[in-house]
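Throughout, protein chains are lettered first and strands after them, A, B, ... in sequence-line order, and every chain is numbered starting at 1. The structure displayed is predicted, hence computed values, not measured ones.
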Protein chains: 4
Amino acid sequence: MHFFLTVLNLTERSIKIKIMSPRSAKQYSEIRKQKKELIMETALELFAQNGFHATSMSQIAKKAGISKGLAYNYFQSKNEILEEILETSSKEIYKNIDINHDGILTDEEFYFFIKKTFQLINRNRRFWKLYTSVVLQTNILEEKNKSMVEKLTPAFDLIRNFLISKGSKDPDGDMMVISTLLKGASVIMIFSDFYPSELLEEKIIAAIQRILSNNNVTV
Amino acid sequence: MHFFLTVLNLTERSIKIKIMSPRSAKQYSEIRKQKKELIMETALELFAQNGFHATSMSQIAKKAGISKGLAYNYFQSKNEILEEILETSSKEIYKNIDINHDGILTDEEFYFFIKKTFQLINRNRRFWKLYTSVVLQTNILEEKNKSMVEKLTPAFDLIRNFLISKGSKDPDGDMMVISTLLKGASVIMIFSDFYPSELLEEKIIAAIQRILSNNNVTV
Amino acid sequence: MHFFLTVLNLTERSIKIKIMSPRSAKQYSEIRKQKKELIMETALELFAQNGFHATSMSQIAKKAGISKGLAYNYFQSKNEILEEILETSSKEIYKNIDINHDGILTDEEFYFFIKKTFQLINRNRRFWKLYTSVVLQTNILEEKNKSMVEKLTPAFDLIRNFLISKGSKDPDGDMMVISTLLKGASVIMIFSDFYPSELLEEKIIAAIQRILSNNNVTV
Amino acid sequence: MHFFLTVLNLTERSIKIKIMSPRSAKQYSEIRKQKKELIMETALELFAQNGFHATSMSQIAKKAGISKGLAYNYFQSKNEILEEILETSSKEIYKNIDINHDGILTDEEFYFFIKKTFQLINRNRRFWKLYTSVVLQTNILEEKNKSMVEKLTPAFDLIRNFLISKGSKDPDGDMMVISTLLKGASVIMIFSDFYPSELLEEKIIAAIQRILSNNNVTV
DNA sequence: AATGAATGAGACTTCATTCAT
DNA sequence: TATGAATGAAGTCTCATTCAT
């Protein structure tokens with residue numbers, strides 16, 4: 001009898017204690033992670049919609065359903081939110097680009113890269129919109145911008161070599177046209193809904209194929 | 001004698017000050033026009049450089065060498081400066097596009113249009129930069145943006161017809177590729193110095209020609 | 001066997017957690033006392049270093065190695081921490097002043113009081129620094145300040161009587177000079193390292209002796 | 001007749017113009033000067049009363065009868081107000097200390113310096129209160145503090161030489177006592193109304209005289 | 001036409017304090 | 001007893017805009 005009582009007591013006590021004791025480190029860490037993501041996600045949405053300067057911390061907090069103070073519990077400043085968004089997003093984006101296998105591009109790899117680029121843009125339209133607007137209005141971020149650009153240069157070399165291997169008489173010129181096509185397609189996809197992106201992708205790839213085949217023909 | 005001269009001087013001075021006389025009115029109107037242009041020019045420079053929100057009226061006034069009060073004498077608000085810049089610039093830009101002669105595009109006219117587009121971009125890079133950044137950070141201007149786009153639609157029809165007349169089997173697809181090329185070239189010219197614009201123009205025109213000739217070949 | 005040990009362990013643990021048992025109560029009381037002291041000690045250090053307003057509860061909690069919430073478990077407010085520091089420290093300080101034996105000061109007792117004063121200052125420089133800065137920036141504490149001052153008035157009377165008994169022709173004037181000397185020495189000791197405190201003490205005591213002997217001589 | 005009319009017109013016009021034309025540079029400069037002084041005076045009062053941190057810009061603006069914004073038109077930050085107060089006041093104070101005539105102190109000059117010191121403290125009690133509190137709670141201002149202290153060192157040398165010339169057997173010790181007396185008197189004058197300052201000054205000077213005469217006697 | 005002092009709304013940020021766990 | 005996420009009031013500061021001159 002006494003035994004049962006003791007057990008009961010222990011149980012009750014342990015329940016009591018569980019309630020009164022602070023959350024575990026894991027729980028806190030989980031809360032922090034989720035809240036940070038919530039804030040960044042909300043901020044990205046507003047930044048992309050209205051621009052960085054036109055978005056106030058109050059708006060972010062309100063839309064995220066938290067107090068302004070809490071946002072500052074997670075980020076030192078509004079600027080830091082922006083920086084973390086750029087960093088996190090660009091990390092996520094660039095982890096998908098990995099074509100530096102052997103330094104040589106096969107036909108397959110080349111078209112894979114093109115398609116990957118379209119995917120990249122299409123899936124992160126909101127981010128790219130923000131990214132563009134930020135680059136346009138902030139001089140502070142120039143270094144970050146450079147580093148993002150520099151990550152692409154190896155790809156350029158690969159493509160140039162690929163064009164040469166395909167018999168291009170004017171590899172630089174062809175690359176200029178191809179990158180202009182990709183740039184144009186990106187801008188169209190990011191900033192307007194004028195063309196359906198699948199159709200655009202199809203036509204652009206066809207155009208690139210024609211450029212490559214033209215070279216062969218002419219040779 | 002000396003007395004009269006002095007009086008005369010005074011009189012002249014008072015005329016200068018006087019607003020009523022017809023000649024002064026013209027002069028003042030001229031001054032007003034020049035001041036307005038000065039303010040808009042200065043504002044455009046700062047807006048393009050630092051963004052609309054990051055540019056203060058104080059900065060504009062200081063850089064223009066006038067007082068803040070005077071700026072408000074010419075414009076009702078900072079926003080109005082922006083709007084007038086956009087309006088004035090776009091007017092100036094679009095007055096150059098006037099291909100609605102007979103509804104039919106000759107080869108000459110088509111390439112003239114392409115070249116004109118390059119000129120248009122190249123000569124107003126600062127404006128286009130501002131324009132892009134403004135469109136990116138302000139929802140207020142969406143209507144204005146639409147109206148700018150709509151002005152281009154007649155051109156689209158003309159080009160489409162032209163492509164058909166050139167034997168294009170896929171006029172919509174070809175137009176998509178051509179406008180993508182122009183869009184991409186614009187963005188490259190506006191936002192980077194990576195390619196020299198003359199070279200870019202040459203390559204893009206060549207690419208467009210190839211698209212057109214390809215059609216013929218296939219037919 | 002192992003099972004029992006485990007059970008035992010559990011039991012022991014549950015005892016530890018249990019608040020009711022007499023021994024634990026004492027232990028917890030001890031813990032509370034230590035924690036309070038830790039918080040006050042930490043706060044005093046930061047307050048004296050950076051000022052009351054410039055020190056945040058976060059800083060105190062972090063430096064003390066506890067959570068903010070716990071600090072509020074021991075003190076109702078940041079202000080209360082300050083008040084308790086002032087109270088506790090002043091109690092500790094004043095408990096050393098106890099010359100109200102018979103209402104008469106002997107030579108020995110007088111110089112003991114002077115030396116005690118130097119000790120008092122020297123051993124609690126940090127506290128006095130805080131005390132001064134707090135008195136300087138808070139009007140709220142004025143009453144407390146008064147009460148601290150009032151505790152000293154009996155001492156004043158004693159000294160005045162002592163000076164008279166030593167044949168002072170101007171006891172109030174002499175007391176003014178002596179207290180000015182002590183005040184000056186206190187300030188120098190608290191706020192600068194310009195003079196070594198032992199030397200300062202020696203010179204001040206010598207000066208006081210001269211004041212007293214001067215009186216005798218003149219009489 | 002016409003002549004008179006013209007004159008009249010001119011007068012009227014000039015009045016009109018006078019009313020409408022902006023203030024002259026001199027007028028603006030005068031306004032600025034007065035407003036700055038008003039703000040600094042108000043801030044000094046509040047800083048000295050409640051401490052720097054406990055005083056908000058709102059309080060300053062309200063008490064000065066201006067908007068917060070205007071205060072920032074004259075000072076870049078709250079800190080700058082403090083710095084200008086310290087600088088302006090200390091300049092004003094130190095311009096009165098100028099005893100470096102020939103490097104030698106006569107009796108007259110010595111007592112003049114003592115009296116001057118009392119005057120200096122007495123007339124600027126509010127400033128010295130602020131100054132002390134600022135030194136106590138701000139680490140940033142340490143350099144400024146040093147420079148204020150260093151301005152006094154030549155005076156120290158002069159006094160030391162003076163004491164030697166007066167036959168002091170222990171010039172350093174005597175100086176220690178004298179500066180302790182002055183320090184103590186300063187603190188008493190600044191922070192309490194316990195003694196009337198004239199009486200205090202009299203007694204302190206008498207005490208110093210006794211120190212000097214004592215030396216002679218002993219020699 | 002022109003000035004710049006002045007305002008006030010609102011931005012970013014901090015921090016004492018509370019509260020669920 | 002102990003945690004730290006969360007709040008909200010208040011603080012510093014900026015800036016578009018107004019207004020007397």
(message) Pick the closest DNA chain F nucleotide for D/Gly69 and for A/Lys35 by heavy atoms, then say which residue is nearer the 5' end.
(response) A/Lys35

Using distance only, find each side-chain donor-acceptor pair of residues 59-73 of chain C under 3.5 Å and give its atom names and separation, not counting sequence neighbours.
| residue | atom | partner | partner atom | Å |
| --- | --- | --- | --- | --- |
| C/Gln59 | NE2 | C/Ser56 | OG | 3.4 |
| C/Lys63 | NZ | C/Glu45 | OE2 | 3.2 |
| C/Ser67 | OG | C/Leu70 | N | 3.2 |

(request) For A/Arg23 and A/Tyr28, work out which heavy atoms get closest and say how close. (result) O-CE1, 3.1 Å

(message) From OH of B/Tyr72 over to C1' of F/dC15, roughly how many Å is that when rounded to an integer?
(response) 8 Å

(message) Can you give me the closest heavy-atom contact between C/Ile85 and C/Phe127, atom names plus distance?
(response) O-CE1, 4.1 Å

(message) Once hydrogens and angles are ignored, does a donor-acceptor distance under 3.5 Å link the base of E/dT3 to the side chain of D/Tyr28?
(response) yes

(message) In this structure, how many angstroms lie between the P atom of F/dA5 and the CD1 atom of A/Ile39, rounded?
(response) 11 Å

(message) Quick check on DNA chain F: between B/Ser58 and A/Ala71, whose nearest nucleotide comes earlier from the 5' end?
(response) A/Ala71

(request) Could you check how far NZ of D/Lys68 sits from C1' of F/dG11, rounded to whole Å? (result) 8 Å

(message) Does A/Ile31 reach a base, just sugar-phosphate, or nothing at all? Heavy atoms under 4.0 Å.
(response) sugar-phosphate

(message) Please identify which of these residues, C/Arg126, C/Lys36, C/Lys35, meets the salt bridge (charged side-chain N to carboxylate O under 4.0 Å, His left out) condition with C/Glu41.
(response) C/Arg126

(request) To the nearest Å, give me how far apart NZ (B/Lys33) and C1' (E/dA1) are. (result) 18 Å

(request) Send over the distance from B/Phe75 CZ to F/dT18 P, rounded to a whole Å. (result) 15 Å

(message) Reading 5' to 3' and counting Watson-Crick or G-U wobble pairs with both distances under 3.5 Å, write the dot-bracket notation for DNA chain E, | for bases paired outside the strand.
(response) .||||||||||||||||||||

(request) Find the distance C/Leu82:CG to E/dA16:P and express it as a whole number of Å. (result) 13 Å

(message) Quick check on F/dT12: is either OP1 or OP2 less than 4.0 Å from any side-chain nitrogen or oxygen of D/Lys78?
(response) yes

(request) Please work out if D/Ser67 contacts a base, only the sugar-phosphate, or nothing of the nucleic acid, heavy-atom cut-off 4.0 Å. (result) base

(message) Between A/Arg23 and A/Gln76, which residue's closest nucleotide on DNA chain E lies nearer the 5′ terminus?
(response) A/Gln76

(request) Would you kindly give the CD1-to-C1' distance between A/Ile66 and F/dG8, to the nearest whole Å? (result) 13 Å

(message) Is it the case that over 12 heavy atoms from other parts of the model lie below 6.0 angstrom from the CD atom of B/Gln76?
(response) no

(request) Kindly indicate whether a cation-pi arrangement holds for C/Lys78 with C/Phe52, taking the cut-offs as under 6.0 Å to the six-membered ring centre and within 45° of the axis. (result) yes

(message) In this structure, how many angstroms lie between the C1' atom of F/dT14 and the CG atom of D/Leu70, rounded?
(response) 14 Å

(message) Please classify the nucleic acid contact of D/Thr55 as base, sugar-phosphate, or nothing, using heavy-atom distances under 4.0 Å.
(response) sugar-phosphate

(message) Does a side-chain N or O of A/Tyr74 approach OP1 or OP2 of F/dA5 to a distance below 4.0 Å, or not?
(response) no

(request) Measure across C/His53 and D/Ala54 and return the closest heavy-atom pair with its distance rounded to 0.1 Å. (result) CE1-CB, 3.5 Å

